[in-house]
Amino acid sequence: MTDTTAARDVKHMKWWGWGVDGVGFHWEDKPAFAPFVLNAVGLDLHAAQPVAEPSFEDMTVAKPKGTAAFRKSLAGIVGEENVTVDDKLRVIHTYGKSMRDLVRIRANAVARYPDVVVYPGSEDEVRAVVELAAAQGAVVIPFGGGSNIAGSLEPPAAEKRVIVSLDLGRLNKVLDVDEESGLARIQAGALGPDLEAQLNARGWTIGHFPDSFTHSTIGGWVATRSSGMQSDKYGDIADIARGLRVVRPGGVLVLRPAPSASNGPSVREMILGSEGRLGVITEVTAQVHRLPEKRVIQAYFFPTWEDGVAALQEIAESDASPSITRISDARETGFSLATSKESHGIAKFVTGTALPWVMRRKGWDLERICLSFIGFEGGPAHVARQKKLVDAIVKRHGGMGVGTGPGVLYDQKKFDTPYLRDFLLDRGAAGDVSEMAAPWSRLQPIYRATVDAANAAYASLGTKGWIMCHLSHSYHSGACLYFTFSFVFGDDPIAEYDTVKRAIQQAFVDNGGTISHHHGVGVEHAPWLAEDISPEGVAVMRGLFAAVDPDGVFNPNKIVVD
Ligand SMILES: Cc1cc2nc3c(=O)[nH]c(=O)nc-3n(C[C@H](O)[C@H](O)[C@H](O)COP(=O)(O)OP(=O)(O)OC[C@H]3O[C@@H](n4cnc5c(N)ncnc54)[C@H](O)[C@@H]3O)c2cc1C
């Protein structure tokens, strides 16, 4: 049995926050950031005293349940060095990276840890571990990158059985590329950068780039129905994942990679979003694409949010097929400008040019302008034609193109922004997100209702709060709205967070939105599931889990409470 320095090469994030040790968010090189934060949530960064980095010495981790004989049997399957009861590794495997997770970890308020972490090195080992766990009455929680923010990994507080965290991290290879079909067999534990590098080396890309790309796995993407920022071209993971292998007690569920199939209710769709409840995904056959010759992200400004959203709807319904369509509301546009570096940021781009003058001449109110990014990929002629189509639509809606400069910067810093949440937590402030999808006709009502609901929640707490939004992931009939909210905590961070988060989620379902477009359900969004898919829908799901996993071996209490 090993400690954190084990020889196995599985990368983990910090036990207390996002990303890897030594990397964090810095504001000193972003002159507009401190005034922005002061105005948004009343936090004075110059005066704030950040708390020290959490020390693992201060954590009290309950002793693991389970017998030495059970652990010995596990070691007999995967090897001694791939079974661990190390406290830090158990903590890392307890939660994802939601606000609630991070607050509880920092407060040493963890109700239940997995008892043992196992790193299988093959599908056969996964099978043997699952058989052993099922036979011994243990619980199995599959673990990918641990990046979920819906409480999808959290062991039930009252779970009395032994809990095995099954970390797929050693299964990280692209096994094969069917070049004729554009299909790649990929092991489920491959992290985004690892699988993309293996595909790129052969001239292919998966085209799936969630903001959590660096620390999430393809198995996790499938299990949470993830969506990446280039979904407009490549599709969501639900489109990309064509074939699956899923280990369950008694056998392996095998779904061959058909482009489409009429073979009854889709078992593939049942596995998608199942959050570990239906078994362990060991392999995904994914659609892959030739690396594009050209990739461009064009920036546009619109005078108002309403103009920009109308333009994006028209783009979605037109002959144009961009890879990214995204527009920030005025508040998020302000945030983007404030997080730019002085020397070469978006702010510099905007203020260092004649843009504000041009905008004012057009009669625009600079407080209401909205920044949009539209991505194009393919051969040069295709990219040029797409851009021409989009430019015309943007113009019809009063927008203006400002070139590719801001798009390059956006592309470079997109994986850095997640570090901001730990920065805020260090200074006593919350920063979190909620997102949903809805038909185009519902988007503006949902937008307004959500902003109003968050502001009412802040008022009820007597605090100054912030909420901003962007639209991304456009479809023919609708799109995803992604809200980011922040406020300074009072005495009870979790209760205050709940007040705001609940208000936002309720505004979604009350106004015709789903509970989530791509973060999943877990325990975080489960309370609103019946309002989203109807009580009958929940009954179908409950029946599925009960029939397929009657003993509740796999990740109990997620999506629906057992
Ligand atoms: C800063 C940040 C940005 C994010 N951005 C995005 C985004 O842009 N798009 C997006 O879709 N999501 C995003 N997320 C959410 C998260 O990254 C996704 O939910 C991701 O798909 C989780 O993958 P993972 O490998 O980390 O899974 P984990 O967090 O390890 O697990 C998530 C769930 O999947 C199950 N699971 C994992 N692997 C398997 C497997 N092999 N077999 C069966 N079940 C399994 C687990 O049991 C758990 O229920 C973001 C999260 C953060 C913190």
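Start at 1 and go down the list; that is how both ligands and their atoms are numbered.
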**Asked** Mind checking whether H519 has a heavy atom under 4.0 Å from ligand 1?
**Response** yes

**Item:** Contact with ligand 1 for S227, non-hydrogen, under 4.0 angstrom
**Value:** yes

**Request:** Could you verify whether a donor N or O on one side chain and an acceptor N or O on the other, from H93 and K88, lie under 3.5 Å apart?
**Result:** no

**Asked** So among Y482, F508, F483, Y475, which one has a ring-ring contact (aromatic ring centres under 6.0 Å, His included) with H517?
**Response** Y475

**Asked** So is G146 close enough to ligand 1, meaning a heavy atom under 4.0 angstrom away?
**Response** yes

**Request:** Answer yes or no: is there an ion pair linking R295 with E377, defined by an N-O contact shorter than 4.0 Å?
**Result:** yes

**Close-contact set for ligand 1 against N555 heavy atoms, below 4.0 Å** = 47 (O), 49 (O)

**Item:** Quiz item: cation-pi between R427 and F423, 6.0 Å / 45°
**Value:** yes

**Prompt:** Quick one: which ligand 1 atoms are inside 4.0 Å of a heavy atom on S216?
**Reply:** 23 (O), 24 (P), 25 (O), 26 (O)

**Request:** Decide whether an N or O pair under 3.5 Å exists between G144 and ligand 1.
**Result:** yes

**Numbering as shown, the atoms of ligand 1 that approach G145 to under 4.0 Å (heavy-atom distance)** = 24 (P), 25 (O), 26 (O), 27 (O), 30 (O)

**Complete:** Looking only at non-hydrogen atoms, the one of S274, S147, G17 nearest atom 16 (C) of ligand 1 is S147

**Prompt:** Can you tell me if E154 and T94 form a side-chain donor-acceptor pair at under 3.5 Å?
**Reply:** no

**Request:** Check each of P142, S212, S98 against atom 47 (O) of ligand 1 and report the one with the nearest heavy atom.
**Result:** P142

**Asked** Would you call R100-D498 a salt bridge at under 4.0 Å N-O?
**Response** yes

**Fill in**
Min over P418, A190, S226 of heavy-atom distance to atom 1 (C) of ligand 1 lands on P418

**Message:** Quick test of your reading of the model: are R277 and D549 salt-bridged, counting only N-O distances below 4.0 Å?
**Reply:** no

**Asked** Does any N/O atom on T224 come nearer than 3.5 Å to any N/O atom on ligand 1?
**Response** yes

**Prompt:** When V126 is tested against each of V252, V118, V280, V246 for side-chain contact (heavy atoms from CB on, under 4.5 Å), which residue passes?
**Reply:** V280

**Item:** Donor-acceptor side-chain pairing of S516 and E435 below 3.5 angstrom
**Value:** yes

**Message:** What I want to know is whether K97 and ligand 1 share at least one N or O pair that is separated by under 3.5 angstrom.
**Reply:** no

**Message:** Any nitrogen or oxygen of T217, side chain or backbone, less than 3.5 Å from one on ligand 1?
**Reply:** yes

**Request:** Look at the aromatic rings of Y119 and H12 and report parallel, tilted or perpendicular, splitting at 30° and 60°.
**Result:** tilted

**Message:** Nearest non-hydrogen contact with atom 8 (O) of ligand 1 belongs to which option: I149, V433, D211?
**Reply:** D211

**Message:** I need the nearest protein heavy-atom contact for atom 38 (N) of ligand 1: residue, atom name and distance, please.
**Reply:** G220 N, 3.6 Å

**Asked** What protein heavy atom sits nearest atom 42 (N) of ligand 1, and how far off is it?
**Response** I281 N, 2.8 Å

